[in-house]
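Here's the structure, in structure tokens; my notes come after.
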Amino acid sequence: MPKVRMRNALKKVSFTRLFAKLKIRRHQHKAIFFYCISLPWILIYLPSVGYGQAKRYKFQKMLMGSPFQLVLYSSSDSVAQEAARKAFVRIEQLNERLSDYRDGSEINRLSATAGKKEWMAVSDDLFRILEISRKISRQTQGAFDVTVGPVVQLWRRALRRNHFPEPQELENVRKAVNYKYIRLRKRNRQVMLTKPSMRLDVGGIGKGFAADEALKIIKQEGISSALIDAGGDLTLADPPPGKTGWTVEITSGNGRDSTAILLLANVGVATSGATYRYLEHEGKRYSHIVNPKTGVGLRFHVRTTVVAPNGTLADALATACSVAGIQKSKKMLRRFPEAKVWLLEIRDGKQEEWKSIP
Ligand code: AMP
Ligand code: MG
């Protein structure tokens with residue numbers, strides 16, 4: 001579990017405006033990502049300013065191994081509470097279906113059919129996430145690939161035992177990795193995994209997908225101004241009442257004070273980084289994000305932040321760009337003109353950075 005520390009430092013900006021600044025650190029030594037959300041709290045106490053009675057609500061729950069935080073604006077306590085309750089139930093439902101950590105989850109039952117030449121009828125959620133993932137795999141030329149399961153399992157075991165996988169082991173599991181081995185039948189929502197030993201892992205897209213789904217529920221409950229923070233990955237709906245956007249501050253992650261402050265709404269912001277989960281072997285660090293083609297954990301990537309039209313795409317692209325690296329990402333992102341990226345790599349002690357985030 002990443003170490004998450006939040007700090008709330010209230011700073012008075014003027015008589016009519018307060019800023020709440022939340023700092024999130026996933027690792028003690030490196031500031032990975034932080035954001036601040038402008039909060040028109042003063043309006044709650046001074047309704048004469050004219051933004052109606054919408055109040056700010058914050059709810060938090062541990063889900064999918066991360067703290068999920070909801071920030072909602074509503075004029076009714078009961079509406080806000082019901083929206084939050086339903087949103088958390090929805091995330092939990094998705095976790096039950098999509099988590100490869102859960103014995104008997106739908107995704108693990110599907111993985112168990114690999115190579116048996118069987119079609120399995122699956123839920124709309126599982127079908128959709130596989131459909132979206134396959135499309136992103138094609139668009140990223142396989143940098144993002146949810147069939148990395150066997151490789152990820154091998155690395156997780158290696159991490160637990162602190163033992164680097166044998167080349168033969170890597171070679172064996174790699175054979176079962178390729179998004180082209182997933183077959184989908186849309187009409188009756190059936191899936192076939194064509195190679196034995198395949199294992200699906202939607203860890204690179206699941207949090208963004210869950211946040212988008214939770215946001216749908218919140219909107220159905222009549223709330224339009226909302227933010228979901230899934231352990232540092234943000235999915236944003238409309239801005240707080242009277243604001244033009246949520247103020248999101250992104251650090252470069254390179255230890256310097258390089259930051260981007262963005263006013264955002266109706267987008268996803270996701271960060272992928274190798275800083276807190278890695279295997280060290282002969283002085284080299286290998287990330288939990290793997291290159292599907294080599295089966296090896298990333299070596300040079302430090303951190304990627306993506307701003308995209310929704311949480312699902314932001315999450316998947318942050319993983320994909322981490323794998324692709326700076327040079328390939330520049331080309332790859334031409335297929336995603338609405339996505340903005342900030343990538344940081346360190347090769348031979350030299351730091352390279354590329355940023356299309358303004
Ligand atoms: P993220 O933190 O969103 O980049 O997701 C990392 C997780 O995605 C890993 O823990 C794996 O479960 C999974 N994963 C690793 N490599 C890939 C990859 N190349 N494509 C898709 N998912 C991956
Ligand atoms: Mg991701």
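When a ligand or atom number is given, it counts from 1 through the structure's own listing order. Along the sequence shown, residues carry numbers from 1. The basis for the numbers below is simple: all heavy atoms, side chains too, and nothing from hydrogens, waters or symmetry mates.
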Do [Y] and [X] meet the salt-bridge criterion of a basic N to acidic O distance under 4.0 Å?
X: Glu106; Y: Arg109; value: no
X: Lys207; Y: Asp315; value: no
X: Glu131; Y: Arg134; value: no
X: Glu213; Y: Lys216; value: yes
X: Lys350; Y: Glu352; value: no

Show me which atoms of ligand 1 lie under 4.0 Å from any heavy atom of [X].
X: Ser272; answer: 1 (P), 2 (O), 3 (O), 4 (O)
X: Val323; answer: 19 (N)
X: Gly204; answer: 3 (O), 5 (O), 7 (C), 8 (O), 13 (C)
X: Phe144; answer: 20 (N), 21 (C)
X: Asp315; answer: 3 (O)

Relative to ligand 1, is Ala143 under 4.0 angstrom through side chain, backbone, both or neither, heavy atoms considered?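 Within the 4.0 Å criterion, Ala143 contacts ligand 1 through backbone atoms alone.
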When hydrophobic residues are tied together by side-chain contacts of less than 4.5 Å, even through go-betweens, does Met198 share a cluster with Leu110?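 Both belong to a single hydrophobic cluster.
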State, yes or no, whether a side-chain contact exists between Pro292 and Val151 at a heavy-atom distance under 4.5 Å. no
Any side-chain heavy atom of Val269 within less than 4.5 Å of one from Val306?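 The answer is no, as the side chains (C-beta and beyond) never meet within the 4.5 Å cut-off.
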Does any N or O of ligand 1 fall below 3.5 Å from an N or O anywhere on [X], backbone included?
X: Ile289; result: no
X: Val290; result: yes
X: Thr271; result: no

Looking at Tyr286, is Arg299 sitting on its ring face, NZ or CZ under 6.0 Å from the six-membered ring centre and within 45 degrees of the normal?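 Yes; both conditions hold, so Arg299 lies above the ring face of Tyr286.
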Answer yes if the side chains of Asp145 and Thr147 hold a donor-acceptor pair under 3.5 Å, and no otherwise. yes
Gap between atom CG of Leu200 and atom OG of Ser133 - 0.5 Å precision: 9.0 Å
Identify which protein N/O/S atoms are less than 2.8 Å from the Mg ion (ligand 2).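 N, O, S partners closer than 2.8 Å: Gly204 O, Asp315 O, Asp315 OD1, Thr319 OG1.
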Pro292 near ligand 1, heavy-atom distance under 4.0 Å?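 Right, Pro292 reaches ligand 1.
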